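The structure under discussion appears below in the form of structure tokens.
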Amino acid sequence: MKIGIPKELKNNESRVGMTPSGVLELTKRGHQVFVQANAGDGSNFPDEYYLESGAEIVKDIESVYQKTELIVKVKEPQPKEYELIKKGQIIFTYFHFASSKSLTEAMINNQSVSIAYEMVQKPDGTLPLLIPMSEVAGRMAIQQGAKYLEKPKKGKGLLLGGVPGVQPGRVMVLGAGTVGIQAAKMAAGLGAQVTVMDIDIDKLRYVNDIMPPHVVTEFSSEYNVRKGVRRNDLIIGGVLLPGEEAPKLVTKDMLSTMEKGTVMVDVAVDQGGCFETTRPTTHDEPVFVEDGVVHYCVANMPGAVPQTSTIALTNVTLPYVSQIANSGWKNAIEKSYELKKGLSLAEGKIIDEQIHKIIT
């Protein structure tokens, strides 16, 4: 199969759809891989690495789409790409359709085959292509949150871990999934006082079992969230409902009850965000302040650490890319429960029923 790796167009997205190592695994099995010139530069994978792995370097994004049957990328196609996508072309990437009606309609209209990373699911309900980026984003949420708590960044002027004689910062993590656990782990490692909230008691038991004593759990309810936002310095939104918009757990009226300089990091921004006041930001302008509360809502957080993220992503996507390339998408979907769950649109037809909610 002819496989294309375009350069990402999203603001400050330096990841690339596949590492040279992944490309080598495909080319040695007889597949042709076309990589756009300089696509891997941001992840420290120059063109010569791809050439050594058997790829062909093409000069522009138009050529990548024109020459290939399967596109492997990181972020959802941007408006410039909509018209480049051919009927029947397979696009394998993070789509997050729930947060963009225009993207959804474009993918229906160009009659491509959309297989969404974030919807690929194992029989046990785990999301193997979302987990590594959630791990990165969860850890980064604390890294970024700690930075924006600094006074020059409009925060409280608070050192998250404290020092002897000074109490550490307080962190509230909404969601005890992959993002939440990684965020809690990082915050705990810095010495912060951490509260993890979820509605799943089993997840809270797990957090209780694996985390140190200064990480506590609390059932997530509106009452407890309202109480928590008043007393915490850093709030992490890490709630995910696959294929749906994230629930708005922190409402606009709660901001007035929070201390000025409190920082909120919304990792769920790709799915619409779990703060009512969330609006997507970029790495160029990552934060905005509303009612004195600093909001960090970058929609592609792992793009800030592209080398780590690209390697982690290729590790999990490569087996699925190989299945599609070896068998064609129809046969791959029939053989693979995971890929079948990821199929969202096929040649103008809506496969994922959640999409009907988006376009109506």
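Below, all heavy atoms of this structure are taken into account, side chains as well, without hydrogens, waters or symmetry copies. Since this is a predicted model, take the numbers as computed values, not measurements.
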Give a yes or no on whether the backbone of [Y] and the side-chain of [X] come within a donor-acceptor separation of less than 3.5 Å.
{"X": "His214", "Y": "Ala188", "value": "yes"}
{"X": "Asn224", "Y": "Ser220", "value": "no"}
{"X": "His31", "Y": "Met1", "value": "yes"}
{"X": "Glu276", "Y": "Lys252", "value": "yes"}
{"X": "Thr27", "Y": "Leu24", "value": "yes"}
{"X": "Tyr49", "Y": "Thr19", "value": "no"}
{"X": "Lys122", "Y": "Pro128", "value": "no"}
{"X": "Asp198", "Y": "Asp200", "value": "yes"}
{"X": "Thr257", "Y": "Met254", "value": "yes"}
{"X": "Ser309", "Y": "Pro302", "value": "yes"}

As an exercise, state the distance from [atom1] of [X] to [atom2] of [Y], rounded to the nearest 0.5 Å.
{"X": "Lys101", "Y": "Thr104", "atom1": "NZ", "atom2": "OG1", "answer": "9.5 Å"}
{"X": "Glu76", "Y": "Leu9", "atom1": "CD", "atom2": "CG", "answer": "10.5 Å"}
{"X": "Leu313", "Y": "Thr308", "atom1": "CG", "atom2": "OG1", "answer": "12.5 Å"}
{"X": "Ile115", "Y": "Lys340", "atom1": "CD1", "atom2": "NZ", "answer": "13.0 Å"}
{"X": "Cys274", "Y": "Ile236", "atom1": "SG", "atom2": "CD1", "answer": "10.0 Å"}
{"X": "Leu339", "Y": "Asn331", "atom1": "CG", "atom2": "CG", "answer": "12.0 Å"}

Cluster link [X] to [Y], ILVMFWY, side chain under 4.5 Å:
{"X": "Ile5", "Y": "Phe34", "value": "no"}
{"X": "Tyr320", "Y": "Ile91", "value": "no"}
{"X": "Ile351", "Y": "Ile355", "value": "no"}
{"X": "Leu249", "Y": "Val294", "value": "no"}
{"X": "Leu318", "Y": "Val72", "value": "yes"}

(Q) Between Leu240 and Leu127, does the side chain to side chain contact (heavy atoms under 4.5 Å, CB included) criterion hold? Intermediate values first, please. (A) CA-CA 11 Å; Leu240 172 70; Leu127 304 168; 3.7 Å; yes

Does any non-hydrogen side-chain atom of [Y] lie less than 4.5 Å from one of [X]?
{"X": "Phe275", "Y": "Ile235", "result": "yes"}
{"X": "Asn326", "Y": "Lys335", "result": "no"}
{"X": "Val74", "Y": "Met133", "result": "no"}
{"X": "Lys2", "Y": "Lys67", "result": "no"}
{"X": "Ser134", "Y": "Ile131", "result": "no"}
{"X": "Glu56", "Y": "Val58", "result": "yes"}
{"X": "Val113", "Y": "Phe92", "result": "no"}
{"X": "Leu345", "Y": "Ile350", "result": "yes"}

Shortest non-hydrogen contact between [X] and [Y], atoms and distance:
{"X": "Thr68", "Y": "Val64", "answer": "OG1-O, 2.7 Å"}
{"X": "Pro77", "Y": "Thr93", "answer": "CD-CG2, 4.2 Å"}
{"X": "Leu204", "Y": "Thr217", "answer": "O-CG2, 3.6 Å"}
{"X": "Ala332", "Y": "Gln323", "answer": "CB-O, 3.8 Å"}
{"X": "Leu129", "Y": "Val316", "answer": "CD2-O, 3.2 Å"}
{"X": "Glu118", "Y": "Phe97", "answer": "OE2-N, 4.2 Å"}

(Q) Pair Asp253, Arg226 - check side chain to side chain contact (heavy atoms under 4.5 Å, CB included), show working. (A) CA-CA 10 Å; Asp253 68 288; Arg226 284 185 177 276; 2.8 Å; yes

Going by atom type alone, with no hydrogens or angles, which donor-acceptor pairs under 3.5 Å involve a side-chain atom of residues 161-185 and a protein atom two or more places apart or on another chain?
from   : atom 1 : to     : atom 2 : distance (Å)
Arg170 : NE     : Arg231 : O      : 2.9
Arg170 : NE     : Asp233 : OD2    : 3.4
Arg170 : NH1    : Arg231 : O      : 2.9
Arg170 : NH2    : Arg231 : O      : 3.3
Arg170 : NH2    : Asp233 : OD1    : 3.2
Gln182 : OE1    : Arg139 : NE     : 2.7
Gln182 : OE1    : Arg139 : NH2    : 3.0

If you draw a 6.0 Å radius around [atom1] in [X], do more than 12 non-hydrogen atoms from other residues or ligands fall strictly inside?
{"X": "Tyr206", "atom1": "OH", "answer": "no"}
{"X": "Glu83", "atom1": "CD", "answer": "no"}
{"X": "Lys28", "atom1": "NZ", "answer": "yes"}
{"X": "Lys154", "atom1": "NZ", "answer": "no"}

(Q) Strictly below 4.0 Å, N to O, side chains only: are Arg279 and Asp266 in salt-bridge contact? (A) no

Q: State whether Glu334 and Lys330 are salt-bridged, where the test is any N-O pair (Lys NZ or Arg NE/NH1/NH2 against Asp/Glu carboxylate O) under 4.0 Å.
A: no

Q.
Applying the salt bridge (charged side-chain N to carboxylate O under 4.0 Å, His left out) criterion to Glu8, which one of Lys80, Arg15, Lys73, Lys75 satisfies it?
A. Lys73

Q. When clusters are formed from ILVMFWY side-chain contacts under 4.5 Å, directly or step by step, what else is grouped with Tyr223?
A. none

Q. Parallel under 30°, tilted from 30 to 60°, perpendicular over 60°: which one fits the rings of Tyr50 and Phe45?
A. perpendicular

Q) What residue among Glu81, Gln89, Lys86, Gln36 forms side chain to side chain donor-acceptor pair (under 3.5 Å) with Tyr65? A) Glu81

Q) Stepwise, does the side chain to side chain contact (heavy atoms under 4.5 Å, CB included) test hold for Val250 with Met264? A) CA-CA 10 Å; Val250 178; Met264 302 204 303; 4.0 Å; yes

Q | Check against side chain to side chain contact (heavy atoms under 4.5 Å, CB included), Val265 and Tyr148 | A | CA-CA 10 Å; Val265 179; Tyr148 283 97; over 6 Å; no

(Q) Hydrogens and angles aside, do Asp284 and Thr282 bring a side-chain donor and acceptor to less than 3.5 Å of each other? (A) no

